[in-house]
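Please read the structure below before turning to the comments.
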Amino acid sequence: MIISLTIILLCQLLGEVVARGFGWPVPGPVLGMLFLLAFLMLRDRIRGRVPEFGRALDSTGRGLLAHLSLLFIPASVGVVQRLDVLAEYGVGLIVALVVSTFVTLVVTVATFVVVSRLSGSTMEAGDDSTAGEKP
């Protein structure tokens with residue numbers, strides 16, 4: 001587990017170093033996730049030859065996901081400590097959250113429609129290709 005956490009944190013550190021070193025306007029943890037993704041893709045290629053490689057990283061990831069809610073406690077404490085800011089900008093924050101959620105949903109639907117058209121799949125109930133088939 002220690003080695004797996006070290007790999008995860010090294011990927012985040014590498015992302016921070018690259019983001020700050022090159023002055024990119026991308027958060028370091030985002031780049032770190034990309035580095036972790038690249039590592040996992042390499043791991044999957046190596047795993048074909050060495051089956052035990054990377055099993056600890058899987059279990060560590062599952063453990064982190066099982067306790068993900070604990071990572072929100074510091075953010076919640078920060079919000080409670082700054083209730084004055086929340087009271088001052090609360091309406092603007094709520095509007096921003098509602099609008100951004102709506103825009104995200106619209107973009108998600110548009111992306112799904114475009115991808116389904118490009119792939120040639122349909123979601124219609126009366127589709128001829130499924131006529132006569134039972135679910």
Side-chain angles (χ1 to χ4, degrees):
M1 181 170 183
I2 298 295
I3 293 174
S4 301
L5 284 173
T6 303
I7 291 170
I8 293 170
L9 292 175
L10 282 175
C11 287
Q12 182 176 355
L13 176 66
L14 183 61
E16 287 285 348
V17 167
V18 169
R20 291 182 187 207
F22 289 112
W24 290 348
V26 179
V30 172
L31 289 177
M33 282 194 307
L34 291 175
F35 290 130
L36 184 60
L37 176 66
F39 174 77
L40 291 174
M41 288 174 23
L42 287 173
R43 179 198 68 170
D44 288 342
R45 287 186 177 193
I46 294 171
R47 185 182 273 180
R49 294 182 211 127
V50 184
E52 294 294 320
F53 184 75
R55 286 211 177 130
L57 191 60
D58 290 342
S59 65
T60 302
R62 282 192 202 98
L64 285 173
L65 287 175
H67 302 293
L68 188 63
S69 60
L70 292 175
L71 299 177
F72 289 102
I73 292 173
S76 302
V77 170
V79 168
V80 170
Q81 285 181 341
R82 299 300 307 254
L83 287 177
D84 57 332
V85 174
L86 189 61
E88 185 176 350
Y89 299 108
V91 175
L93 289 171
I94 290 172
V95 169
L97 283 171
V98 169
V99 169
S100 65
T101 301
F102 179 74
V103 169
T104 300
L105 288 173
V106 169
V107 169
T108 302
V109 168
T111 303
F112 177 77
V113 168
V114 168
V115 169
S116 65
R117 285 183 183 165
L118 288 174
S119 67
S121 64
T122 60
M123 296 288 293
E124 296 176 12
D127 189 10
D128 293 332
S129 65
T130 59
E133 294 181 6
K134 292 183 181 179

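Note that these values count all heavy atoms, side chains included, but never hydrogens, waters or copies made by symmetry. Just so it is clear, the model here is predicted, and its values are computed rather than measured. Start at 1 with the first residue, then count along the sequence.
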So, do [X] and [Y] sit near enough that their side-chain heavy atoms are less than 4.5 Å apart?
{"X": "T108", "Y": "T111", "value": "no"}
{"X": "P29", "Y": "E16", "value": "yes"}
{"X": "L64", "Y": "L5", "value": "yes"}
{"X": "L31", "Y": "L14", "value": "no"}
{"X": "L70", "Y": "H67", "value": "yes"}

Tell me, yes or no, whether the heavy-atom count around I2 atom CD1, taken from other residues, nucleotides or ligands under 6.0 Å, exceeds 12. no
Gap separating the [atom1] atom of [X] from the [atom2] atom of [Y], nearest 0.5 angstrom:
{"X": "F35", "Y": "I8", "atom1": "CZ", "atom2": "CD1", "answer": "16.0 Å"}
{"X": "L93", "Y": "E88", "atom1": "CG", "atom2": "CD", "answer": "10.5 Å"}
{"X": "L71", "Y": "S76", "atom1": "CG", "atom2": "OG", "answer": "11.0 Å"}
{"X": "L42", "Y": "L37", "atom1": "CG", "atom2": "CG", "answer": "10.0 Å"}

Following the transitive rule for hydrophobic clusters with a side-chain heavy-atom cut-off under 4.5 Å over Ile, Leu, Val, Met, Phe, Trp and Tyr, establish whether [X] and [Y] coincide in one cluster.
{"X": "V99", "Y": "Y89", "result": "no"}
{"X": "V18", "Y": "V30", "result": "yes"}
{"X": "F22", "Y": "L34", "result": "yes"}
{"X": "V95", "Y": "V103", "result": "yes"}

Which heavy atom of [X] sits nearest a heavy atom of [Y], and at what distance?
{"X": "V80", "Y": "L83", "value": "O-CG, 3.2 Å"}
{"X": "L97", "Y": "T101", "value": "O-OG1, 2.7 Å"}
{"X": "A19", "Y": "V26", "value": "CB-O, 3.3 Å"}
{"X": "S119", "Y": "S116", "value": "OG-O, 3.2 Å"}

